[in-house]
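This report refers to the structure that appears directly beneath it.
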Amino acid sequence: MPSEPSPVPERPSVDGLEARWLAQWEHEAVYRFDTTATRETVYSIDTPPPTVSGSLHIGHVFSYTHTDLLARFWRMRGRDVFYPMGWDDNGLPTERRVENYFAVRCDPSLAYDPDFVAPEPAAGRGEKRAISRKNFVELCQLLTARDEEAFKELWTHLGISIDWSLEYATISPLAQAVSQRGFLEMVARGEVYSSVAPTLWDVDFRTAVSQAELEDRERPGATHRVAFALESGGTLEIETTRPELIPSCVAIVTHPSDERYRHLIGTNAITPLFAVAVPILAHELADPDKGTGAAMVCTFGDLTDVTWWRELGLPTRALIGRDGRFAPADFSSDEFPSREPAAARARYEELAGKTVNQVRATVVEALAATGALLGEPRAITHPVKFYEKGERPLEIVTSRQWFVATLAHRAELLARGDELDWHPDYMRHRYASWVEGLNVDWNISRQRFFGVPFPVWYPVHGDGAIDYDHPIFASLDALPVDPSSDVPPGFDESQRGQPLGFVGDPDVLDTWATSSLSPQIAGRWGSDLFDRVFPMDLRPQGHDIIRTWLFATIVRSHFEHHRLPWAHAVISGWILDPDRKKMSKSVGNVVTPMPLLEAHGADALRYWAACGRPGADTAIDEAQMKIGRRLAIKVLNVTKFVLGRLDGPTSLDEVTEPLDRDLLGALAELVDEATADFEAYDAARALERTEAFFWSFCDDYVELVKLRAYGDGDEPTTRSARAALAAAVSTLTRLLAPFIPFATEEAWRWWHEDSVHRAAWPNPSEFSHEPLDDVGSIAGPVGVVLEAIRRAKSTAKVSQRAAVARVVVTATPSVIGALVSAEGDLAAAGSVGSFDYLDGDELAVEVELATE
RNA sequence: GGGCGCUUAGCUCAGUUGGUUAGAGCAGCUGACUUACACUCAGCAGGCCGGGGGUUCGAGUCCCUCAGCGCCCACCA
């Protein structure tokens, strides 16, 4: 749908370009993916589906612009660019946002209320109203739909060249079906398993989390030195930061080579306060240099406890419940075999039902009172494991979870990382160190509500017990299923929860277990489209999610397709605030993009983003945005000038003047370099080169040939200048099109019917039918003389139009030849009366200004 | 503890495989209303390239080492 070229305005402006061209692009379907394209011609992008949690961030502008630069480059190179958009709307961030926004909480035991009306936004205050799971999910969908509109508005306004017909959402039925199929395929191949195991647990969200979602935070704590009585007499001292776990102590470990304790190995210690006998054992992980060298093993204080518990075959005395409070325990039972059951029971009654912090205070007090606490607790700051979105330290609780067997495939996954092209390359180390450091399989179960359900049911025995060992899986053709409302094959709804009936798996999949299938979701896995776009060319993403999204996507593709999901990964850096501090909500320095976009324009923001090197942290810099805006304005003005000189089509054969041919040669080199930069995924470098060339073109070349271009349209010298100017403007506009799509489109459409964004990327062979040698041999010396003339006038504080009586140049014969060939242009640009030349090795220029 | 990155002009950054006197933009200063552009143009000034050592005819660039900043990973009692 080409349109007639639009008229060149009297005063070109970058204001208002966005509205005009966005509408036109939409109308012309400029960014539409050709769904019949074959894999060889496709360039496919695994676009990051942003977490739709409500707030736009300037970082979004940064990284999505980087991707768009590549999309536009490859599109102009003739590839069919598959550039979809996804929304990661399922998962905890959305749930939390919905809870706060509407002041509700999900209670899965409630029945669906079909007449439920979304409450007014409540700003997170007051009592949260309990609603059913289905009503809760509906609110999640309501809110994410609104948020997605805001994101879409930003992408569109920024000129991100997404094909919106390829939009997807991770909570959509399609994504759910793909996610569930991915799970079932792994089940069939034996790559997932369910087990009851100690699991990292967030006590506020009340869900298991995976190793990938952990983060360490420095927290104040205290080490307590505690004396355990020995069965053989005497005491053994340990140090602990978690004295509240003494009632769940199951052993004490020391290093096998530690002479201080070797004689105690195999004997028992007696826990203080609770008088439970625990064995003293040896294990390599016990560090003689930490604390007293003897460590208390509890079920469970940290992941090391889990290792000791597993490897030493220790009993389980789990006390911390899913709500983070101490559960009831019977200290006269086999599980808690106290030697003083009455006293232990009495002590524990004080603790049951309390939070970790409350119990700690009570236990420390009691230890001090009984003399088991040695000295004062010593305050320390130490790293504590948190769920990355959590507010209280993680606990380890035992629960049934589904796991993906990643550990068994560590070597293959490392090899996949080696195989991938990383931009910048050093980011590969992040992946490798993460994979090398994996210590538990990937837990993909979450005890939450707004997510993709496991397509799994369990039979119920006659006695009402659930048979987890014989799960019933959905069939692939039934997907997506919701086991809480759908019924497994061979059952009917009346048997739900009944003896000899079934129950649905109540959990949802980890959000990464779905988004790790983004290539399969966007590519409509199972349709013929998938083979046209997969494996994809590009995965753009932030470095903070290498261990989650990037890793998980490789895992899934490796298992499912035995190959990498993409050839290249481009990793964006952080956005820093103008003071080079990392932005965070808690600091309150998060910058939202819309005001900047309105103040400077899309091209200006894109320019700023494009200047950021791959992987490099970049500060918000409004000065840089202004430079981008200036560049956009200059493109309009120089195009206006050149088009004003043209009286019809030009031909390269008309470029006969040496200075003009020199320009074409330089253009050819520029195109070569910019193309190579883009192919190496370094758009910033391509911009830097192109921009430098463009400004020197405007300030030097255009000034030199301006008067010649104004001349008689039948003169060969005039036609030469005009043809060279046209070729240069055409080329530079296209080279700049990925960066400043609005201004380049505006200027391009003054003399073309079709979008510059569908125009062919420049090719060096466009510039001449003959070889262009010695590039710069004319422009170089000419530039030196021009600069000398300008300097003389500036120093004399006269106008650049002031007349020059005579210029004397000393140079070698070949340089003099070059200058003579461009003497007319130099004379015109510098208002020079006459030139004289002297032979000499060093280029020297003497300028004699004309006297009034 | 292991690893990665950064450190170049007041600021933000280029500097590709080692090769003349280290570049750009911004900010600063001095000028110019110049028929595409005052949202412009010209010019000037500004640098022990983090410190130290080495390799080399030659080092911002390669090697070693130290320091500061940032990040990743780690079994954190």
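A note on names: the letters A, B, ... follow the listed sequences, proteins ahead of strands, and every chain is numbered from 1.
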In this structure, how many angstroms lie between the [atom2] atom of [N] and the [atom1] atom of [X], rounded?
X: A/K797; N: B/C29; atom1: NZ; atom2: P; result: 14 Å
X: A/I789; N: B/A42; atom1: CD1; atom2: C1'; result: 13 Å
X: A/D621; N: B/A24; atom1: CG; atom2: P; result: 19 Å
X: A/W549; N: B/C72; atom1: CH2; atom2: P; result: 19 Å
X: A/R791; N: B/A42; atom1: CZ; atom2: P; result: 13 Å

Which nucleotide sits closest to the side chain of [X]: [options]?
X: A/N439; options: B/C75, B/C73, B/A77; result: B/C75
X: A/Q800; options: B/A42, B/C4, B/C44; result: B/A42
X: A/W308; options: B/A38, B/A77, B/C4; result: B/A77
X: A/S794; options: B/A42, B/C39, B/C26; result: B/A42
X: A/T241; options: B/A77, B/G25, B/A38; result: B/A77

Task: Distance (rounded to the nearest 0.5 Å) between A/R11 CZ and A/N637 CG - done: 8.5 Å
- [ ] Please determine if a side-chain N or O atom of A/R630 lies less than 4.0 Å away from the OP1 or OP2 oxygen of B/C26.
- [x]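 Checking B/C26 against A/R630, a side-chain N or O does come within under 4.0 Å of OP1 or OP2.
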Open item on the list: Below the 4.0 Å mark, does B/G2 have OP1 or OP2 next to a side-chain nitrogen or oxygen of A/R430?
Closed with: no
Task: Intra- and interstrand pairs of RNA chain B - dot-bracket, Watson-Crick/G-U under 3.5 Å, | marks other strand - done: (((((((..((((.....[...)))).(((((.......))))).....(((((..]....))))))))))))....
[X] near the nucleic acid: base, sugar-phosphate alone, or nothing, with a heavy-atom cut-off under 4.0 Å?
X: A/E237; answer: nothing
X: A/L303; answer: nothing
X: A/V642; answer: nothing
X: A/R547; answer: sugar-phosphate
X: A/G437; answer: sugar-phosphate

- [ ] Look at the rings of A/F697 and A/F694 and say which category their plane angle falls in: under 30° parallel, 30 to 60° tilted, over 60° perpendicular.
- [x] tilted
TODO: Check the angle between the aromatic planes of A/W422 and A/Y431 and answer parallel, tilted or perpendicular using the 30° and 60° thresholds.
DONE: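 It falls in the tilted class, 30° to 60°.
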Open item on the list: Say we look at B/G60 and B/G52: how far apart would their P atoms be, to the nearest angstrom?
Closed with: 13 Å
- [ ] Could you measure between the two P atoms, the one in B/C57 and the one in B/A74, and give it in whole Å?
- [x]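 Here B/C57 and B/A74 have their P atoms 47 Å from each other.
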- [ ] Please state whether the base of B/A32 and the side chain of A/S799 form at least one donor-acceptor pair under 3.5 Å?
- [x]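 There is none.
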Task: Distance-only side-chain donor-acceptor flag, A/E239 / A/H224, under 3.5 Å - done: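 No pair is found: no donor N or O on one side chain lies under 3.5 Å from an acceptor on the other.
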- [ ] Indicate whether the side chain of A/S433 and that of A/E436 have a donor and an acceptor atom separated by less than 3.5 Å.
- [x] no
Open item on the list: I want to know whether A/Y387 and A/W201 have ring centres closer than 6.0 Å.
Closed with: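 Centroid separation for A/Y387 and A/W201: 6.0 Å or greater.
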- [ ] Flag the pair A/K626 and A/E622 as a salt bridge only when some basic side-chain nitrogen lies within less than 4.0 angstrom of an acidic carboxylate oxygen.
- [x] no
Open item on the list: Distance to the ring centre below 6.0 angstrom and angle to the axis at most 45 degrees; does that hold for A/R630 and A/W695?
Closed with: yes
